[in-house]
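Everything on this sheet refers to the single structure shown next.
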Amino acid sequence: MQTILYRGLSCFVITAAIISLPCKAQTDTAPSSGVSEQVGALPKLRSAMPVMPCKRPAWSREAIERQMTGTVTMKFLIDTDGTVLKKEIVKSSGHKMQDKAALEATARCKLAVAPQDGQLKKEWVLLEYVWTLD
């Protein structure tokens with residue numbers, strides 16, 4: 001099941017477990033250090049929804065020229081008000097420049113998570129950002 005929230009240069013697509021943030025021409029535990037590159041080793045975390053307005057990452061000229069596409073998986077520790085407290089790359093898109101742009105832009109957004117047991121709590125959430133040139 002997918003819900004399209006915005007259509008144009010970019011759109012936010014919510015999937016069952018992970019939010020994908022496609023872009024054309026965008027348990028409170030300690031995070032692991034570094035980038036986990038193991039396929040299938042993604043943590044089991046809930047997803048969050050960016051609260052609009054949420055500015056998408058900008059494409060650099062180099063990224064466009066080199067056609068740096070791919071999907072970066074990130075996790076964020078969010079506070080009860082949606083503020084990002086910590087952030088990290090879980091799986092790289094293959095392009096550090098694009099990974100950093102997606103991580104920093106998404107961290108500036110407020111992220112909303114549905115309450116569990118009627119309570120909002122500080123928790124880690126998992127998001128993906130998909131860079132495409134279509």
Side-chain angles (χ1 to χ4, degrees):
M1 178 177 134
Q2 294 184 345
T3 305
I4 297 178
L5 301 174
Y6 174 79
R7 208 158 171 84
L9 290 178
S10 69
C11 62
F12 294 93
V13 179
I14 301 171
T15 60
I18 298 174
I19 294 182
S20 298
L21 308 168
C23 178
K24 290 186 183 181
Q26 180 170 144
T27 39
D28 189 0
T29 57
S32 60
S33 60
V35 175
S36 172
E37 292 296 336
Q38 298 175 6
V39 175
L42 297 179
K44 301 242 184 226
L45 301 173
R46 296 192 325 136
S47 62
M49 180 174 169
V51 177
M52 299 308 211
C54 179
K55 190 174 179 181
R56 70 179 186 269
W59 280 83
S60 69
R61 182 180 194 123
E62 178 185 359
I64 293 170
E65 288 172 357
R66 293 180 52 202
Q67 298 185 8
M68 295 179 170
T69 61
T71 301
V72 57
T73 305
M74 307 164 287
K75 73 178 188 178
F76 300 91
L77 177 62
I78 58 169
D79 208 345
T80 56
D81 67 354
T83 303
V84 173
L85 301 173
K86 295 182 182 179
K87 60 190 182 272
E88 76 175 67
I89 303 289
V90 176
K91 185 172 187 268
S92 175
S93 66
H95 308 288
K96 287 184 182 183
M97 177 188 311
Q98 298 297 81
D99 296 346
K100 183 177 179 183
L103 185 70
E104 296 303 324
T106 306
R108 286 190 294 271
C109 299
K110 291 262 187 199
L111 302 175
V113 177
Q116 271 187 323
D117 302 322
Q119 298 285 333
L120 287 173
K121 63 178 187 172
K122 182 167 59 170
E123 67 181 296
W124 285 97
V125 295
L126 192 65
L127 290 98
E128 285 185 330
Y129 194 88
V130 180
W131 294 94
T132 63
L133 290 169
D134 302 341

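Shown here for K122 and T80, the closest heavy-atom pair between the two residues is N-CG2, 3.9 Å. The two residues A101 and A58 have their closest heavy-atom pair at CB-O, 4.4 Å. Across all non-hydrogen atoms, the minimal contact from A63 to S60 is N-OG, 3.0 Å. Minimum heavy-atom separation, T132 to T69: CA-CG2, 4.1 Å. Shown here for A102 and V72, the closest heavy-atom pair between the two residues is CB-CG1, 3.7 Å.
Taking CH2 from W59 and CE from M97, the interatomic distance works out to 11.0 Å, rounded to the nearest 0.5 Å. The distance from the CZ atom of F76 to the CG atom of L111 is 6.5 Å, given to the nearest 0.5 Å.
A donor-acceptor contact closer than 3.5 angstrom links the side chains of T83 and K110.
Hydrophobic clustering (side-chain heavy atoms under 4.5 Å, transitive across Ile, Leu, Val, Met, Phe, Trp, Tyr) keeps M68 apart from I64. L120 and W124 fall into different hydrophobic clusters, where Ile, Leu, Val, Met, Phe, Trp and Tyr residues are linked whenever their side-chain heavy atoms come under 4.5 Å apart, directly or through other members. Note: the hydrophobic cluster containing V84 also contains L103 (ILVMFWY, side chain heavy atoms under 4.5 Å, direct or indirect links).
Atom CD of Q67 is surrounded by 12 or fewer heavy atoms from other residues, nucleotides or ligands within 6.0 Å.
Side-chain contact between K121 and Q116 is present, with at least one heavy-atom pair separated by less than 4.5 Å. Considering only heavy atoms from C-beta on, L126 comes within 4.5 Å of T73 through its side chain. E128 has its side chain out of reach of K91: every pair of non-hydrogen atoms, C-beta onward, lies at least 4.5 Å apart.
Shown are M74, E104, K75; of these, the side chain to side chain contact (heavy atoms under 4.5 Å, CB included) with K87 is made only by E104.
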